[in-house]
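Since the structure comes first, as structure tokens, the remarks are kept for the end.
These figures come from a predicted structure and were not determined experimentally. Proteins come first, then strands; the chains are lettered A, B, ... in the order of their sequence lines, and each starts at number 1.
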There are 2 protein chains.
Amino acid sequence: MDDLETRELRYFVAVAEELHFGRAAERLGIAQPPLSRAIGKVEHRLGVELLTRNRRGVTLTAAGQVLLDEARTALAAITAATRRTRRAADPQRPLILATKAGASHELLLRLLDVVGKDSIEILLCEVSEQAGLLRDGSADVAIMHHPYDDLAGFDTEELQTESQVAILPAKHPLAAREKLTLAEVSNVPDLPIARWPQLDGSYPDGPGPEVHTQSQLAQLVALSKTLLVIPASSRAWQWPEHVAVPVVDAPDVTTLIAWRPSSRSLAVAALVRSAAALRETT
Amino acid sequence: MDDLETRELRYFVAVAEELHFGRAAERLGIAQPPLSRAIGKVEHRLGVELLTRNRRGVTLTAAGQVLLDEARTALAAITAATRRTRRAADPQRPLILATKAGASHELLLRLLDVVGKDSIEILLCEVSEQAGLLRDGSADVAIMHHPYDDLAGFDTEELQTESQVAILPAKHPLAAREKLTLAEVSNVPDLPIARWPQLDGSYPDGPGPEVHTQSQLAQLVALSKTLLVIPASSRAWQWPEHVAVPVVDAPDVTTLIAWRPSSRSLAVAALVRSAAALRETT
DNA sequence: TGCTGTGATACCCCACCGGTATCACAGCGC
DNA sequence: GCGCTGTGATACCGGTGGGGTATCACAGCA
């Protein structure tokens with residue numbers, strides 16, 4: 001009836017993200033007039049104003065913001081449909097496991113050891129990307145970390161629990177300490193906590209540096225610009241310029257294996273079983 | 001790039017559900033040849049065989065089954081996008097609360113009393129429909145019941161916990177009992193447990209009658225065809241021909257209020273707060 | 001007062017969706 | 001063996017509409 005077409009969703013997301021018809025059109029590989037028309041038609045069909053075109057630029061209305069969120073998830077579902085279908089048709093497809101680089105490294109090695117390296121493909125991703133990769137069909141299972149990652153909508157199995165350490169520049173006074181508390185690390189004036197981009201791509205206010213990848217963060221710690229608190233097993237973080245100090249009152253971090261509840265894949269179930277068995281033998 | 005169009009998703013779902021091009025075309029309001037072409041084109045683009053056309057009928061391949069699931073959720077996301085956008089643009093929209101008819105009736109009345117009847121619209125639905133209504137934007141919040149309903153993907157707040165009762169035909173010998181156990185009610189030869197349709201619309205095997213609405217079930221109990229075990233507060237079930245007997249070892253049922261985690265609506269948050277406050281004063 | 005950069009409008013073309021007519025083929029009754 | 005029926009696929013054709021170019025309207029700004 002008045003469902004939006006895939007094309008219209010893509011077009012709107014492009015405009016809403018660029019906030020500029022010309023650039024959005026370029027990104028989409030079409031000319032600007034058809035784009036204007038398409039967006040106008042969507043607004044007319046919905047009976048809702050999505051964008052306010054004032055002199056010098058475009059802004060989202062509240063309804064437009066809602067549609068941006070919804071359109072993104074709808075598009076993810078659509079690409080997931082083709083991806084999962086293609087993969088379902090491939091007889092010897094390996095499972096794809098998404099995990100943050102460097103996190104729970106030993107556990108991952110043990111898991112690979114048990115299930116065999118060939119039956120799984122590892123997809124290394126940046127912080128908190130796993131949920132999106134599971135959702136859009138790029139991955140079948142993911143290693144995630146409570147309470148860091150958003151587990152909403154996934155089935156999970158706990159694998160291990162561990163304490164957290166502060167990663168500090170080796171030269172910093174706090175690096176010599178035997179142990180630290182959250183209070184001590186949360187307000188170090190010369191090592192402000194780094195700021196990650198929010199869902200809309202903007203950064204929260206604060207004194208810390210802006211980062212969007214793990215390696216940036218590692219670099220910034222080495223440069224004595226920031227500190228961070230992470231699970232003890234995140235070995236990839238340990239540069240020579242880093243020192244890890246236990247944070248005694250930081251909440252424990254649970255490593256979990258997560259998958260989509262609607263997945264009926266036997267291979268996923270077997271992998272989860274293997275991972276859970278791994279936990280019990282340790 | 002090679003995302004499926006909304007139209008193609010709808011077409012495929014229709015064919016996959018009907019397993020018959022002619023009927024599917026009729027349901028879609030188009031002629032059969034364009035439908036055949038469209039499906040063929042999708043198969044070609046994906047490089048995957050979705051349907052096997054053998055003499056006398058069509059069947060889904062494994063990949064086709066995957067696409068059917070994925071396409072359904074993608075379509076739900078698409079319709080949700082327009083619905084939520086329209087609702088976001090409506091300044092005095094009431095919240096829509098989905099709930100099974102008759103379940104947690106008193107609690108619902110108290111909630112309406114607190115927040116005001118005009119700020120909420122009640123959407124009565126059949127068993128386990130709430131999740132779908134939340135997902136496709138038909139409802140903003142839902143009253144759900146653990147462990148009956150699938151809470152995956154939603155944020156929830158517990159509201160109350162209660163024991164369960166067996167609903168029996170008044171004339172049945174077991175109806176005279178003070179209390180019952182799960183073992184006693186689970187294998188009564190003349191009152192077999194009713195069978196609900198599964199996700200694919202088919203019914204599981206078993207001796208019990210097939211049902212797909214609550215009222216059918218209530219009727220069947222009154223006719224001495226089946227029995228059921230439900231939360232004690234489900235008052236709407238209490239026909240004159242019914243008797244409720246406590247089932248002492250049945251697991252407690254928790255009534256929850258559920259909403260989509262991505263909802264940033266202040267009204268939803270306020271409603272949840274009101275509901276939680278209701279719990280504490282009781 | 002131009003100049004620049006923005007999105008909207010005017011107009012044209014052709015790709016593609018959907019329609020009708022027809023085919024290919026398998027079951028089935030005789 | 002013959003039609004007859006019911007299935008999905010193919011052939012062809014016309015109209016809608018998406019995309020293109022050219023241009024406008026208008027606001028900032030030197």
Side-chain angles (χ1 to χ4, degrees), chain A residues 1-61 63-65 67-68 71 75 78 82, chain B residues 1-61 63-65 67-68 71 75 78 82:
Chain A
M1 40 172 155
D2 47 20
D3 280 341
L4 294 175
E5 288 294 323
T6 305
R7 183 177 41 82
E8 296 175 316
L9 292 169
R10 264 206 313 273
Y11 286 8
F12 178 75
V13 169
V15 175
E17 284 180 353
E18 300 284 348
L19 292 177
H20 189 292
F21 279 77
R23 280 196 300 276
E26 191 180 0
R27 185 173 122 187
L28 293 165
I30 64 171
Q32 169 260 318
L35 181 57
S36 285
R37 250 186 309 154
I39 300 294
K41 189 181 277 187
V42 168
E43 286 183 306
H44 183 75
R45 250 210 337 288
L46 294 182
V48 169
E49 188 172 290
L50 300 168
L51 303 160
T52 54
R53 293 88 153 157
N54 30 23
R55 47 205 150 277
R56 233 101 198 121
V58 175
T59 49
L60 279 173
T61 64
Q65 181 62 53
L67 183 56
L68 176 57
L75 284 172
I78 291 167
T82 82
Chain B
M1 42 171 149
D2 48 21
D3 281 339
L4 295 175
E5 288 293 323
T6 305
R7 182 178 42 83
E8 296 175 317
L9 292 169
R10 265 205 314 272
Y11 286 8
F12 177 75
V13 169
V15 175
E17 285 179 353
E18 300 284 348
L19 292 177
H20 189 290
F21 279 77
R23 281 196 300 275
E26 191 180 3
R27 184 172 124 187
L28 292 165
I30 64 171
Q32 170 260 319
L35 181 57
S36 286
R37 249 185 311 151
I39 300 293
K41 189 181 279 186
V42 168
E43 285 181 308
H44 183 75
R45 257 217 321 296
L46 294 182
V48 169
E49 187 172 291
L50 300 168
L51 303 161
T52 54
R53 294 89 153 156
N54 31 20
R55 45 205 154 276
R56 235 92 197 133
V58 175
T59 50
L60 278 173
T61 64
Q65 182 61 53
L67 183 56
L68 176 57
L75 284 172
I78 291 167
T82 82

message = Does D:dG8 have OP1 or OP2 under 4.0 Å away from a side-chain N or O of B:His20?
response = yes

Separation of D:dT7 atom C1' from B:Ile39 atom CD1, nearest Å, is 16 Å

Taken in chain and number order and not counting sequence neighbours, the residues that satisfy side chain to side chain contact (heavy atoms under 4.5 Å, CB included) with A:Gln32 are A:Phe21, A:Ala25, A:Ser36

Check the interface with nucleotides 19-23 of chain C: list each N/O to N/O pair with the protein under 3.5 Å, or write none.
| residue | atom | partner | partner atom | Å |
| --- | --- | --- | --- | --- |
| C:dG19 | OP2 | B:Ala31 | N | 2.7 |
| C:dG19 | O6 | B:Arg37 | NH2 | 3.1 |

Picking from D:dG19, D:dA9, C:dG18, the nucleotide nearest the side-chain atoms of B:Arg53 would be D:dA9

Between CD of A:Glu43 and P of C:dA8 the distance, given in whole Å, is 8 Å

Separation of D:dG8 atom P from B:Leu50 atom CG, nearest Å, is 15 Å

Separation of C:dG7 atom P from A:Leu19 atom CG, nearest Å, is 10 Å

Here the distance between atom P of D:dA25 and atom CZ of A:Phe21, to the nearest Å, is 19 Å

Between CD of A:Glu26 and C1' of C:dT6 the distance, given in whole Å, is 15 Å

Across all chains, not counting sequence neighbours, the side-chain hydrogen bond (donor to acceptor under 3.5 Å, both in side chains) partners of A:Arg27 are A:Glu17, A:Glu18

| Distance below 4.0 Å between B:Ser36 side-chain N/O and D:dA9 OP1 or OP2 | yes

Of the listed C:dC16, D:dG8, C:dG7, the closest approach to the B:Lys41 side chain comes from C:dC16

Given the options B:Leu4, B:Leu75, B:Val15, B:Arg10 meets side-chain contact (heavy atoms from CB on, under 4.5 Å) only with B:Leu75

